[in-house]
Amino acid sequence: QVQLVESGGGLVQAGGSLRLSCAASGRTFRSYAMGWFRQVPGAERELVAVNNWNGESTYYADSVKGRFTISRDNAKNTIYLQMNSLTPEDTAVYYCAASLRSSPTKTTGGYTYWGQGTQVTISS
């Protein structure tokens with residue numbers, strides 16, 4: 001019954017920006033950690049950015065620090081990922097994740113619910 005639905009992916013040129021959204025339904029995640037992971041073929045799903053309910057605990061992958069920003073609108077039960085200065089190395093399927101714990105973790109095992117993924121492709 002819990003659903004996480006990502007949107008906002010697509011094709012963009014290197015140097016451009018995208019804003020991903022993840023709308024949650026079936027449960028209110030205001031008090032719980034949520035975030036974004038990404039995956040390319042042949043590799044494990046890896047951290048992009050995660051945070052707690054009020055953003056005071058936030059973790060970013062080293063590869064995206066300074067370029068990506070995670071935020072959330074608790075009234076809408078929605079999280080966002082603003083991605084700037086995109087490069088071809090950012091090409092991946094991006095997944096929204098939600099936890100049943102309040103403190104975010106940097107690994108996939110800390111998250112119970114997952115979205116279907118949205119493809120982000122950056123052209124050279």
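The distance from atom CZ of R30 to atom CG of N54, rounded to the nearest 0.5 Å, is 8.5 Å. Here the straight-line distance linking atom OH of Y60 with atom CG of L81 works out to 8.0 Å at 0.5 Å rounding. Atoms CZ and OG1, on R19 and T69 in that order, are 9.5 Å from each other to the nearest 0.5 Å. Note that CZ of R72 and CG of N52 are 7.0 Å apart. Values are rounded to the nearest 0.5 Å. A distance of 10.0 Å separates OG1 in T108 from CG in L47, rounded to the nearest 0.5 Å. Here Q82 contributes atom CD and I70 contributes atom CD1; the two are 12.5 Å apart, rounded to the nearest 0.5 Å.
No chain of hydrophobic side-chain contacts below 4.5 Å, direct or via other Ile, Leu, Val, Met, Phe, Trp or Tyr residues, connects W53 to I79. Residues L20 and F37 fall into different hydrophobic clusters, defined by Ile, Leu, Val, Met, Phe, Trp and Tyr side chains chained together at heavy-atom separations under 4.5 Å. Note on W114: it does not cluster hydrophobically with Y94, by side-chain heavy-atom contacts below 4.5 Å among ILVMFWY residues. L4 is connected to V120 through a chain of hydrophobic side-chain contacts under 4.5 Å among Ile, Leu, Val, Met, Phe, Trp and Tyr, so both are in one cluster. Y111 and V2 fall into different hydrophobic clusters, defined by Ile, Leu, Val, Met, Phe, Trp and Tyr side-chain heavy atoms under 4.5 Å apart, directly or through other members.
Taking 4.5 Å as the limit, every side-chain heavy atom of S99 sits out of range of all side-chain heavy atoms of T105. Considering only heavy atoms from C-beta on, F68 comes within 4.5 Å of L86 through its side chain. Taking 4.5 Å as the limit, every side-chain heavy atom of N51 sits out of range of all side-chain heavy atoms of P104. Side-chain contact check for Y113 versus L100: some heavy-atom pair is nearer than 4.5 Å. At a threshold of 4.5 Å between non-hydrogen side-chain atoms, the residues V12 and M83 do not count as touching. Looking only at side-chain heavy atoms (C-beta outward), D90 and R38 come within less than 4.5 Å of each other.
Heavy-atom neighbours of Y32 OH from other residues, nucleotides or ligands within 6.0 Å: at or below the threshold of 12. Other residues, nucleotides and ligands place no more than 12 heavy atoms under 6.0 Å from the CD atom of Q3.
In this structure, the side chain of E6 engages the main chain of G117 through a donor-acceptor pair within 3.5 Å.
Taking each heavy atom of S25 and N77 in turn, the nearest pair found is N-ND2, 4.3 Å. Summarising the geometry of S17 relative to S85, their closest heavy-atom pair is OG-N, 4.4 Å, with the distance given to 0.1 Å.
Of the candidates S21, C96, C22, Y80 forms a side chain to side chain contact (heavy atoms under 4.5 Å, CB included) with just one, namely S21.
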Stepwise side chain to side chain donor-acceptor pair (under 3.5 Å) test for T112 and R27:
CA-CA 12 Å; T112 301; R27 180 186 289 269; over 6 Å; no

